[in-house]
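A short write-up of the structure that comes next.
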2 protein chains.
Amino acid sequence: MDKALQVREFAGLAGVTVRALHHYDRLGLLRPRRTAAGYRLYGRRELERLEQIVALKFIGVPLKRIKSMLDRDSAALPGALKRQRTVLEEKRRLLDHAIEAIRNAEQAFAEGRQPDTAILKHIIEVIEMQNDQDWSAKYYSPEARAKIEERKKEWTPELQEQTTKAWLDLFRDVEAALGDDPGSERAQALGARWKQLVGGFTGGDPGVAAGLNKMYADRPNWPAHMKETMAPFSNPKVWEFMGRVLKCASIG
Amino acid sequence: MDKALQVREFAGLAGVTVRALHHYDRLGLLRPRRTAAGYRLYGRRELERLEQIVALKFIGVPLKRIKSMLDRDSAALPGALKRQRTVLEEKRRLLDHAIEAIRNAEQAFAEGRQPDTAILKHIIEVIEMQNDQDWSAKYYSPEARAKIEERKKEWTPELQEQTTKAWLDLFRDVEAALGDDPGSERAQALGARWKQLVGGFTGGDPGVAAGLNKMYADRPNWPAHMKETMAPFSNPKVWEFMGRVLKCASIG
DNA sequence: TTCCAGCCTGACGTTGCGTCAGGGTCAAGC
DNA sequence: GCTTGACCCTGACGCAACGTCAGGCTGGAA
């Protein structure tokens with residue numbers, strides 16, 4: 001006869017609450033035997049199972065899935081572990097961003113005399129970057145995403161500013177040259193600048209370039225603030241003109 | 001007249017759902033004006049406030065607190081930011097542990113032929129370490145906790161094993177010497193070994209040592225698995241004997 | 001027998017919305 | 001003037017994992 005414990009003792013032994021045991025019982029996750037009076041009795045088998053439950057819960061597996069894992073496809077464990085790890089790593093990424101955002105805001109507060117509400121703008125910035133990235137991810141293949149991730153590490157705010165300015169300049173110059181012959185020297189020079197700026201983002205990777213094209217093609221579905229951000233670059237005449245310029249370049 | 005938007009447009013603009021706006025409205029967090037028919041109308045002021053809400057939500061502040069922050073003590077923002085950051089950092093610590101635990105389990109799976117359920121033991125190990133640490137934290141002052149954190153970085157599994165063995169050996173030797181005079185050379189040698197092992201954990205820090213004493217004094221309240229872990233070291237005669245030995249040492 | 005500790009089963013509360021269900025509103029087309 | 005169809009409204013339930021009563025048995029001791 002194995003020692004059988006009542007809920008309270010068992011809960012203490014295993015480091016969970018009595019209520020949790022009740023909960024697991026109702027979910028069918030851990031059903032102890034019962035005395036005639038209905039008291040729950042836990043033994044060694046239950047302890048083992050509970051430990052597995054706690055382990056899976058610790059790594060963030062929801063109770064329902066724990067149940068199906070332990071009851072049915074226990075062979076799927078390694079796959080489940082990996083999936084769960086990627087989930088947690090994603091959560092961690094989010095947490096990192098949030099912490100970074102707070103740091104930004106705190107620093108802004110420590111440095112300057114801004115009204116409290118304005119400080120939150122620093123957090124908003126991070127959120128929007130985050131949103132843009134999550135949202136644009138769907139246009140890229142996994143490999144392309146990996147490339148972008150890699151290149152992002154070498155990305156600095158100054159570089160960002162320079163790039164934005166370069167694009168603005170280019171658009172202004174192209175608008176001034178809309179009447180030119182696409183094959184003209186001036187137009188081709190603009191085309192070269194264009195290609196270089198694109199290359200600065202794609203890093204020459206065709207997969208990244210393909211994603212970028214998909215994203216551009218889908219611009220009617222962009223979220224509002226993305227459209228707003230890209231508003232200075234939305235002139236369709238410029239795009240059309242550059243299309244012809246680049247076609248000339250590839251032919252000639 | 002500022003442009004007033006209906007829920008759908010406003011939600012799209014701000015990147016939240018219509019339902020969320022309804023929710024914030026009911027909570028009193030963001031109350032737009034209404035048309036005669038009861039339609040919600042959002043303007044620039046509402047957009048600003050919503051951005052602040054989203055920012056605070058992003059860093060994990062619950063809606064109720066957001067409300068009180070924005071309505072009443074908006075001056076408490078920097079403090080709130082700091083608190084929130086520590087909360088998130090704590091969460092991140094937990095997440096890291098969970099990820100580490102999964103890695104352990106995955107490696108065990110990749111290496112050896114263990115049954116699936118046994119692999120979860122590797123996760124359980126991490127959980128228990130985590131629990132022990134969280135629970136023992138209450139005995140230490142913040143400074144002592146910081147010291148321990150620092151020393152933990154130089155802690156390796158091998159060192160852990162060595163230390164455990166050293167303690168086991170010491171207890172065995174002390175048990176064999178219980179009849180000796182506490183002032184005797186043999187007893188004093190045992191006392192020296194004891195002090196050295198304690199010092200190996202405290203690093204000579206009196207704060208850490210104080211916490212350790214508090215923890216030992218509270219041993220009736222230790223959780224079950226802690227008692228189990230410490231069972232080999234629970235012989236009260238050994239502790240009593242060592243008390244006398246160390247008193248002799250400090251006097252003589 | 002009585003008492004108290006410990007067990008039981010509901011059932012509601014929490015957090016931030018998602019998701020119907022049932023029913024007005026409004027501009028447009030017939 | 002009436003019907004659409006697109007939007008809007010207000011409940012109200014659902015989810016995840018228990019916490020926290022409330023009301024009522026059980027079981028061993030005094």
Side-chain angles (χ1 to χ4, degrees), chain A residues 4-43 46 49-50 52-70 84 87-88 91 94 98 127 131, chain B residues 3-43 46 49-50 52-70 84 87-88 91 94 98 127:
Chain A
L5 303 179
Q6 292 192 181
V7 265
R8 210 173 178 71
E9 308 163 289
F10 186 68
L13 177 67
V16 302
T17 66
V18 172
R19 181 60 175 95
L21 291 175
H22 285 175
H23 193 53
Y24 299 159
D25 190 359
R26 180 135 56 191
L27 292 188
L29 197 50
L30 182 65
R31 323 207 80 133
R33 4 191 280 271
R34 302 285 194 126
T35 68
Y39 283 27
R40 293 175 177 82
L41 289 181
Y42 295 86
E46 282 72 30
R49 179 150 171 129
L50 180 56
Q52 292 168 13
I53 293 171
V54 171
L56 292 169
K57 198 168 74 69
F58 180 75
I59 62 173
V61 181
L63 296 183
K64 280 194 176 179
R65 225 168 336 213
I66 292 179
K67 179 170 161 59
S68 72
M69 282 173 67
L70 293 185
Q84 200 54 34
V87 169
L88 294 193
K91 274 193 188 177
L94 269 178
I127 299 176
N131 282 345
Chain B
K3 61 211 159 187
L5 303 179
Q6 293 195 163
V7 264
R8 211 172 178 72
E9 308 164 287
F10 185 69
L13 176 67
V16 303
T17 67
V18 172
R19 181 62 176 93
L21 291 175
H22 285 175
H23 193 55
Y24 300 159
D25 191 358
R26 180 135 54 193
L27 293 188
L29 199 50
L30 181 65
R31 322 207 81 132
R33 356 191 287 270
R34 302 288 194 122
T35 69
Y39 283 26
R40 292 175 177 83
L41 289 181
Y42 295 86
E46 282 73 28
R49 180 152 171 129
L50 179 57
Q52 293 167 13
I53 293 171
V54 171
L56 292 170
K57 197 167 74 69
F58 180 75
I59 61 173
V61 181
L63 297 183
K64 280 192 176 180
R65 222 163 344 207
I66 292 179
K67 180 171 160 58
S68 72
M69 283 173 67
L70 294 185
Q84 200 55 35
V87 169
L88 295 193
K91 273 194 188 176
L94 269 178
I127 299 176

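Nothing here was measured: the structure is a model prediction, and the numbers come from that model.
Nearest heavy atoms, A55(B) versus I127(A): CA-CD1, 3.6 Å.
Listed nucleotides dC18(D), dC8(D), dC7(C) differ in distance to R8(A); the shortest reach to its side chain belongs to dC7(C). In the set dC17(C), dT10(D), dT9(C), the nucleotide with an atom closest to the side chain of T17(B) is dC17(C). Taking every side-chain heavy atom of P62(B) into account, dG16(C) is the closest of dC18(D), dT9(C), dG16(C). Taking the side chain of R26(A) as heavy atoms from C-beta on, and the options dG10(C), dC7(D), dG11(D), the nearest nucleotide is dG10(C). Checking dC8(C), dG16(C), dA17(D) against the side-chain heavy atoms of L63(B) singles out dG16(C) as nearest.
Using a 4.0 Å heavy-atom cutoff across all strands shown, V7(A) reaches sugar-phosphate atoms only and no base atom. Nucleic acid contact for R65(B): none, since no nucleic acid atom lies under 4.0 Å from a heavy atom of the residue. Among the protein residues, T35(B) comes within range of no part of the nucleic acid, since none of its heavy atoms lies under 4.0 Å from any strand.
Taking the side chain as every heavy atom from C-beta outward, R34(B) and Y39(B) never approach each other to under 4.5 Å. Side-chain contact between V61(A) and K57(A) is absent, with no heavy-atom pair separated by less than 4.5 Å. Side-chain contact check for L41(B) versus V7(B): every heavy-atom pair is 4.5 Å or farther apart. In this structure the side chain of L56(B) never reaches within 4.5 angstrom of the side chain of L63(B), judged on heavy atoms.
For R34(B) and dC7(D), the CZ to C1' distance is 14 Å, given to the nearest whole Å. Rounded to an integer number of Å, the gap from L29(A) CG to dC18(D) P is 10 Å. Atoms CG (L21(A)) and P (dT20(D)) sit 16 Å apart, rounded to a whole Å. Y39(A) has its OH atom 10 Å from the C1' atom of dG28(D), to the nearest Å. If you measure from atom CG of L56(B) to atom P of dG16(C), you get 12 Å, rounded to the nearest angstrom. Note: OH (Y42(A)) to C1' (dC7(C)) measures 11 Å, nearest angstrom. As rounded to whole Å, 9 Å separates atom P of dC7(D) from atom CD of Q6(B). Rounded to an integer number of Å, the gap from K67(B) NZ to dC17(C) C1' is 18 Å.
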Hey, what are the protein-to-nucleotides 21-24 of chain D N/O distances that come in under 3.5 Å?
none

Checking salt bridge (Lys or Arg N to Asp or Glu O under 4.0 Å) for the pair R19(B)/D25(B): CA distance, chi angles, key distance, verdict?
CA-CA 10 Å; R19(B) 181 62 176 93; D25(B) 191 358; over 6 Å; no
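Dense packing is recorded around CZ of R31(A), with more than 12 heavy atoms of other residues, nucleotides or ligands lying under 6.0 Å away. Applying the 6.0 Å contact sphere to CZ of R8(B) captures no more than 12 heavy atoms from other residues, nucleotides or ligands.
Nearest-nucleotide assignment on DNA chain C puts the 5′-proximal partner with E9(A), out of E9(A) and V61(B).
A close approach under 4.0 Å does occur between a side-chain nitrogen or oxygen of H22(A) and OP1 or OP2 of dC8(C). Remark: K64(A) is not in phosphate contact with dA17(D), judged by side-chain N or O atoms under 4.0 Å from OP1 or OP2. For the OP1/OP2 pair of dC9(D) and a distance below 4.0 Å, the side-chain nitrogens and oxygens of R40(B) include at least one atom meeting the criterion.
You won't find any donor-acceptor pair under 3.5 Å spanning the side chain of Y24(B) and the base of dG16(C), going by distance alone.
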